[in-house]
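Worth knowing before you read on, the calculation uses all heavy atoms, side chains too, and leaves out hydrogens, waters and symmetry mates. Quick note: residue numbers are just sequence positions, from 1.
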Amino acid sequence: MTEATLSPIDTAHEQLANSVISDDQLTPDSIEAVLALPQFLSALRDIEQRTQVSYDCLPIEIQHTIVLRRLRQLVNIARLNPLWRERMDAAGLSGGIHSFEDFQAIPLTDKETFRDFFTGDRAGMVVPIERGGFEVVASGGTSSGKPSETVYSLKELQSTYELSGEFIGRHMMLRHLGESGPRWVATTLADYQMWSSGTMVGGVLQKIPGVNYIGAGPMSPEVYRLMMSYPGTKAIMGITQSIALLASFAEGLDIEERDSFRVALYGSGVLRKKIRDDLKTAYPNIAILSYFAATQAEAIGLQLSEDSNLLSAVPGLHFIEVVDADGRWVAEGEEGELVVTRLHANEAPVFRYKIGDRVIRRPYLATPLLNTAQFEFVGRSGDFMHIGDTQYNVKQAFENIAQEFQKQGILDIDEVAAEVQFINYRERKELHLLVATPAYLELLPVVAQRLGPAGASPVMINGLIRSLSVFNSLEANDASLRRTGYNFGLRLIAPSSPDLVRTEVGKVPLLVDVVSGNDGSGL
């Protein structure tokens, strides 16, 4: 990490940042003064007017200077709230922040703190909820198991929708949907029990310039065929399960309708190779891209090209960090915790929020058309399984186990799997790998024969060992894994099988821990 990254020092850049967030706006002294502040989007528009350049085209160094100025302002705003002021003072920031180095001293906001600040009496808000003009949305607690709420200023929410929508239109949709004829973007996400995704992502998609928006919700084949009959090109966003269904929904569509499906955006989890292949077969023009979002961040990272797994941030939307266990920035190429700070949040700011994902920090994207931060998704922060005294990263364990099955000529999991899931039966000391595939009936006898009497245990043990670092593998080897008393099994099931554990919103966690019970046996 360079000094320039941490401490922008270019005087001209500072003058630009100071001109759009003036000194009298930098430290508001009351709630009324906060309410009178212009929205941050207006500052970005002012910069574009002054420079005659779109904000996302500005060099990273200029963006950093402007973002630091904004973070200084947000910290000063937050100090009007006793909880945030106490948090800042305890970190030695009674005088505010003056650099990114200072900013890294602010404690990370975990989900417990987030819940305490914004659920119940919402004591973490700068502008009290009774002043009105807010939207409350909820997270179902996929990773923590406990729901939490957060609060957005409605006017600032609209600003983030506008900024995100413009970005998606300029850097994603324009190249895929074309410039002429009707263009459509739909989402299968739907709100229920205050779940935020449908509203938040739908708000972004509605703001893509020049497209027609469809809030489709969960679709039946009949509704899908109706939508696909509309003249023009189409993009559809949904969770992986919803996007996966669209391959089978292609039956009954004519060639023109299939050709009109240009972009599939999946917003949760991993879309398996088999699903991608099925979608490509059904829709010859389709691009399949990741849309990475979470509570407090409706568009964190967007995959701009199928040729790269990297996710690009929307410049000016969030301040994105990848941090180590001490909350310090990791170097480029290193893995860490993804942390976001919403830049459009005068009335209810949140600093350094841990959304529960592990990512790799990648070099900044620098092109004539876009300059922004990039990262690569690794997995959920809680995706670690414990076998004996050893901890395994679930994503790495799966990749190595799948490679082992393929290398030994037993099963190409990536080719056949619609979903995969580990179930760790802690009490019984059994780890099962569930592979959900439409071909499970034909594959069962074939795979059983290939495995032989030893079953899947030797294969899975080899994969687990390969997933560890050299240091750990000296202690966690074949003999030590067997001494844990664990048995390892492969289970081939139908994609609709109730054995596959899903969350309330239909997501399939890669790892499920079961304390007790007996839910099936593996090969």
Side-chain angles (χ1 to χ4, degrees), residues 240 244 269-278 280 288 290 306-310 333 335 358-360 376-380 383-388 390-424 430-440 442-444 446-482 484 486-493 495 500 508-512 522-523:
T240 51
V270 177
L271 210 59
R272 299 291 164 194
K273 181 179 182 299
K274 174 176 169 41
I275 300 300
R276 292 174 179 273
D277 291 345
D278 290 347
K280 294 279 189 180
I288 303 169
S290 174
E306 289 185 297
D307 297 331
S308 170
N309 290 327
L310 300 192
E335 178 184 323
R358 302 283 297 178
V359 302
I360 299 170
E376 185 175 356
F377 178 70
V378 173
R380 297 294 293 170
D383 278 353
F384 287 90
M385 57 189 176
H386 298 267
I387 300 172
T390 306
Q391 176 177 278
Y392 297 83
N393 178 292
V394 180
K395 184 173 181 288
Q396 292 175 2
F398 169 73
E399 289 173 352
N400 283 279
I401 288 172
Q403 289 172 11
E404 200 67 29
F405 274 106
Q406 183 185 32
K407 185 174 69 175
Q408 297 190 29
I410 296 166
L411 178 67
D412 189 334
I413 294 176
D414 287 333
E415 284 292 334
V416 304
E419 299 282 4
V420 296
Q421 184 174 76
F422 285 106
I423 300 186
N424 190 4
E430 291 188 9
L431 179 71
H432 291 183
L433 173 58
L434 277 60
V435 175
T437 171
Y440 75 106
E442 304 97 278
L443 288 172
L444 270 170
V446 176
V447 172
Q449 182 181 24
R450 290 172 179 171
L451 286 172
S457 277
V459 186
M460 293 180 65
I461 287 173
N462 285 342
L464 286 169
I465 293 169
R466 287 180 53 212
S467 71
L468 294 170
S469 68
V470 173
F471 174 78
N472 283 337
S473 64
L474 296 176
E475 297 183 4
N477 49 38
D478 186 285
S480 65
L481 270 170
R482 293 185 186 279
T484 65
Y486 254 80
N487 290 314
F488 303 91
L490 173 71
R491 291 163 58 186
L492 303 180
I493 59 174
L500 202 64
V508 178
L510 185 54
L511 173 66
V512 175
L523 295 171

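K280 and E306 are joined by a salt bridge, as a carboxylate oxygen and a charged side-chain nitrogen come within less than 4.0 angstrom of each other.
Contact between Q396 and S467 at its shortest, heavy atoms only, is OE1-O, 3.5 Å. Residues M385 and A397 approach most closely at CE-CB, 3.7 Å, considering heavy atoms. For A417 against K274, the heavy-atom pair with the smallest separation is O-CB, 3.5 Å. Shown here for P495 and A436, the closest heavy-atom pair between the two residues is CA-CB, 3.8 Å.
For R450, there are no side-chain hydrogen bond (donor to acceptor under 3.5 Å, both in side chains) partners, not counting sequence neighbours. Considering only residues two or more places apart in sequence or on other chains, D414 meets the side-chain contact (heavy atoms from CB on, under 4.5 Å) condition with K273, F398, D412. Qualifying side-chain contact (heavy atoms from CB on, under 4.5 Å) partners for A456, counting only residues two or more places apart in sequence or in other chains: F405, L451, M460, L490. Residues forming a side-chain hydrogen bond (donor to acceptor under 3.5 Å, both in side chains) with R272 (at least two apart in sequence, or on another chain): none. Residues satisfying the side-chain contact (heavy atoms from CB on, under 4.5 Å) test with A479, not counting sequence neighbours, are N477, R483. For E404, the side-chain hydrogen bond (donor to acceptor under 3.5 Å, both in side chains) partners are Q408, R466, not counting sequence neighbours. For A439, the side-chain contact (heavy atoms from CB on, under 4.5 Å) partners are T437, E442, L443, not counting sequence neighbours. The side-chain hydrogen bond (donor to acceptor under 3.5 Å, both in side chains) test applied to Y440 returns no partner, not counting sequence neighbours.
Going from atom CZ of R358 over to atom CZ of F377 covers 11.5 Å, rounded to the nearest 0.5 Å. The distance from atom CZ of F488 to atom NE2 of H432, rounded to the nearest 0.5 Å, is 10.0 Å. One distance of note links CD1 of I387 with OG1 of T484; it measures 7.0 Å at 0.5 Å rounding. Here L464 contributes atom CG and L481 contributes atom CG; the two are 6.0 Å apart, rounded to the nearest 0.5 Å. Put simply, CD on E376 and CG on L310 are 5.5 Å apart, with the number rounded to the nearest 0.5 Å. To the nearest 0.5 Å, atom CG of residue L271 and atom CD1 of residue I288 are 6.0 Å apart.
Contact of the Y486 side chain with the N424 side chain is registered, since non-hydrogen atoms from C-beta on lie closer than 4.5 Å. Between V416 and L492, every side-chain heavy-atom pair lies at or beyond the 4.5 Å cut-off. Contact of the V447 side chain with the I410 side chain is registered, since non-hydrogen atoms from C-beta on lie closer than 4.5 Å. I275 is not listed as a side-chain neighbour of T240, based on a closest heavy-atom distance of 4.5 Å or more.
Proximity of a side-chain donor or acceptor of Q403 to a complementary backbone N or O of G463 within less than 3.5 Å is not detected.
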Begin with the C-alpha distance, continue with both residues' side-chain angles, and end with the deciding distance and a verdict on side-chain contact (heavy atoms from CB on, under 4.5 Å) for L510 and V420. CA-CA 7 Å; L510 185 54; V420 296; 3.9 Å; yes
Could you go through V459 and I401, starting from their C-alpha distance and side-chain angles, then the distance that decides it, and tell me whether this counts as side-chain contact (heavy atoms from CB on, under 4.5 Å)? CA-CA 7 Å; V459 186; I401 288 172; 5.6 Å; no
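Applying the salt bridge (Lys or Arg N to Asp or Glu O under 4.0 Å) test to residues at least two apart or on different chains, the pairs with a partner in residues 390-403 are K395-E399.
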